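Bear in mind that the values here come from a model prediction, so they are computed numbers and not experimental data.
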Amino acid sequence: MKKLWESCRVLGTVVGSDLQPTARIASSSAIVCDNGIFEVGDRTVTRSRKMMSLSLAFIAVMGTLVYGALLLFPITMLALDHSTLTGLYEESIGYRYFYNLRTLYETSYLFLPQGELVNLIFKGIHLVLSVGGYPAGQLFPRIDLFSYLSVAFLQCLNLLCFWWAAATLALPSSRLLAALFLGGLNYVPGTSAIYTIIQPDYHVLMVAFSLLAMGSILRTQELFDWTPRKIAVFALFVGAALSVKMTLSILPAIVLLHTAIMSRRIHIGFASAGLAALIGVAIWFGVILLDGNGHLSFVVQHFRDLLAFLQSSPGVTQSGLPWADWIFSRISNSSLAVSIIYSGPIIAGLVLLVARRRWEFAASFSFFLGAAAYGFFLFRRDYPATLVECMFPLAALLVVVSQFRLVSGFAAFKWPLIPVLLWIIVWSYPRGVGSIIGSAAANTKEQMKLREVESQLTGKILWLVESNNDRPLTVDSAIMKGGFARSSQWLDPPSEIMSSMFPNRDFRFYVDSNWATRLDDYGAIMFVYHGDLAQHVASLGLTYAIPLSTWRCRPAALVSAAPIAVCEAPPS
C-alpha cells in the first residue's frame with residue numbers, strides 16, 4: 001500500500017493534484033487513484049519519481065530564494081544607497097542600539113518590555129562591529145551598519161524558518177506560491193508591514209514564529225508518541241516566543257494544543273505539552289538573565305518593571321465600542337487586506353467546515369482558539385503594530401488549510417495564482433515599501449544638512465522636546481531616547497560611553513518642574529516648531545521657564561516636513 005500511495009503521490013505532483021491511492025488493477029500496470037485511473041508501469045513510476053524529485057528540489061530552492069529576495073531586497077537597497085534609518089526608526093534605534101551598547105560595555109540595568117532574545121542578537125552585532133574596526137564610541141557609520149546588519153540577520157532567521165516550514169509542502173506550486181504569498185504580505189500597502197520589514201527591532205522576527213507554527217503542524221499529521229527530544233524542542237519554541245514578545249506565545253500554544261490532540265495517548269500529550277510550556281518559561285527566564293549580564297537582581301527588577309508596565313497600559317479599544325460593533329466597523333470600513341485580518345477569528349472558525357481528517361480538525365480547532373486570542377488582543381490594542389502581528393498567524397493558517405484533503409483537490413488552480421501574486425507585489429512596491437525607501441533617502445539628505453548646521457554651532461547644544469509629537473525624526477531623537485531610562489533627566493543612570501560620545505549635547509524630554517534649565521550651560525538650543533517661530537520661542541520660554549527673548553533664533557533645517565529651529569546664545 002505504501003508503494004501504491006507513493007505512486008499516486010508522484011503522479012499527483014506531475015498533474016498538479018493531491019491524489020490518494022485506491023487500488024491496483026489485477027494483472028495490469030494501471031494504478032487507481034481517487035481522481036482517476038493511470039496506466040503506468042513500475043519503470044515509468046521510477047523514472048517519474050526521479051524526475052520529480054529533482055524538480056521538487058529545484059522548486060524548493062527557488063521558493064526559498066524568492067522568499068529571501070522579497071525579505072532582503074528592501075534593506076539591501078537601503079544599504080547600497082547609504083540611507084540611514086536613524087530618522088524613520090529613531091525610537092527603535094534609540095532603544096535597541098544605545099541600550100544594548102550601554103548594557104554591553106557598562107554594568108547598568110535598563111528596562112525594555114520585550115525583545116530580550118533580540119537584545120542578545122543585537123549585542124552580538126555590536127561585538128562584530130567592534131571587532132571589525134568600528135569602535136563602540138563611533139556614531140557614524142557604525143549606527144547605520146548596525147541597522148543594516150540587524151535587519152538582515154533577523155530576516156535571514158525568517159528565511160531559515162521558511163525553508164524549514166516549506167519543506168512540508170509537497171507540490172512545487174505550493175512552495176512557490178507560499179513564498180510569494182508570505183513574502184508579498186510585507187509589500188501590500190494598508191498595513192504596517194511595509195515599515196516593519198526594515199525596522200531594526202523585534203518586529204522583523206514576528207513572522208518567524210508563524211512559520212514555525214505552520215511547519216510544526218504540517219509535520220504532525222499522524223498520531224505520534226512524545227519523547228524528551230520533542231518536549232525540549234517545543235520548550236525552546238515557547239521560550240523563544242516569550243523572549244521576543246509575550247503575545248507571540250499564542251503561536252507555540254496553538255502548536256502544543258494541536259500536538260496534544262494528535263498524541264497517541266492524549267492524556268500524556270497534554271501533560272507533555274504542559275511540561276514543555278513550563279520549561280519554555282524557564283528558558284525565558286534564562287534569556288532575561290543573559291540579557292541582564294547574569295545579574296539575578298536585574299531579572300527581579302525586570303519583572304517588577306514589566307508588571308508595572310502592563311498595569312500602566314492595560315490597553316483599551318480606541319473607539320470604546322463593544323466587540324460586535326467594533327469588529328463590524330473595522331471590517332466594513334477598512335481596505336480588503338485589513339478587513340481580512342480583522343476577520344481572522346471568523347475565518348478560523350469557518351476553516352472547521354473544510355476539515356476532514358483528525359489532524360485537520362486538530363489544526364483548525366487550535367488555530368481557531370489562537371485566532372480568537374489574537375482577536376481579543378487586537379480588540380484591546382487596536383494599533384497598526386498589533387494588526388501586523390495578527391496578520392502572519394492568519395497567513396500561516398491559510399497555508400495549512402491549503403494542504404487539507406478537500407482543498408488540495410484544487411491544486412491545479414495554484415499555478416495561475418503565481419502570476420497574480422507577482423503582479424500584486426510589483427504593483428504594490430512603489431506604493432508601499434518603495435515609498436518607505438524613498439522617504440529614508442530623503443530623510444538622509446535632510447539629516448546631513450542638519451548636521452552641517454550643528455557642526456557650525458559653538459558650545460553645548462540643548463534639545464527641547466515638549467512631547468513625543470515634537471521630537472525630531474533625526475539621529476538626535478535616537479540619541480535622546482537611548483539616554484533616558486529612570487527619569488526625565490538625560491543619562492540617568494549615568495553612562496560613561498554616552499557621555500564620551502556626546503559631550504556637547506543635552507536633552508529635555510517633556511517638562512520636569514523639578515529639573516531647572518540653566519541657559520548658561522549651553523551655547524545653542526534646538527527644537528521642532530510649529531507655525532510662527534517667534535510665537536513658538538515665546539511659548540517655549542514660558543514652558544521651560546527660561547528667558548529666550550535675548551537669544552538669536554532662526555530656522556535651521558526641514559526634516560521629514562518638520563521645521564527645526566536653532567537659538568544661539570547672545571554674545572557675552
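Ring to ring, Tyr342 and Trp326 are close: their centroids are under 6.0 angstrom apart. With ring centers used as reference points, Tyr195 lies 6.0 Å or more from Tyr89. Taking the six-membered ring for Trp and the full ring otherwise, the centers of Phe122 and Phe146 sit less than 6.0 Å from each other. The aromatic ring centroids of His126 and Tyr97 lie less than 6.0 Å from each other. Ring pair Tyr109/His295: centre-to-centre distance not below 6.0 Å. The six-membered or imidazole ring of Tyr99 lies away from that of Phe484, with a centre-to-centre distance of 6.0 Å or more.
Formation of a donor-acceptor pair under 3.5 Å by the Glu568 side chain with backbone atoms of Cys553 is not found in this model. With hydrogens and angles ignored, the 3.5 Å screen pairs a side-chain donor or acceptor of Tyr187 with a backbone N or O of Leu70. Side chain of Arg552 to main chain of Ala569: a donor-acceptor pair is present (N/O by atom type, distance under 3.5 Å, no hydrogens or angles).
Among residues at least two apart or in separate chains, salt bridge (Lys or Arg N to Asp or Glu O under 4.0 Å) pairs with a member in residues 490-510 are Asp476-Arg505, Asp506-Arg508. Within the structure, every pair that satisfies the salt bridge (Lys or Arg N to Asp or Glu O under 4.0 Å) test and touches residues 117-133, not counting sequence neighbours, is listed here: Lys123-Asp291.
Side chains of Trp323 and Phe376 form no contact here, defined as non-hydrogen atoms less than 4.5 Å apart.
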Under the ring pair (Phe, Tyr, Trp, His ring centres under 6.0 Å) rule, what do Phe303 and Trp284 come out as? Steps first, then yes or no, please.
CA-CA 12 Å; Phe303 281 102; Trp284 180 34; 5.3 Å; yes
Could you go step by step and tell me if Phe298 and Phe111 meet the ring pair (Phe, Tyr, Trp, His ring centres under 6.0 Å) rule?
CA-CA 9 Å; Phe298 289 179; Phe111 172 71; over 10 Å; no
Go through His302 and Asp305 one step at a time and tell me if the side-chain contact (heavy atoms from CB on, under 4.5 Å) criterion holds.
CA-CA 5 Å; His302 175 85; Asp305 291 342; 5.9 Å; no
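The nearest pair of heavy atoms linking Pro135 to Arg142 is O-CD, 3.3 Å.
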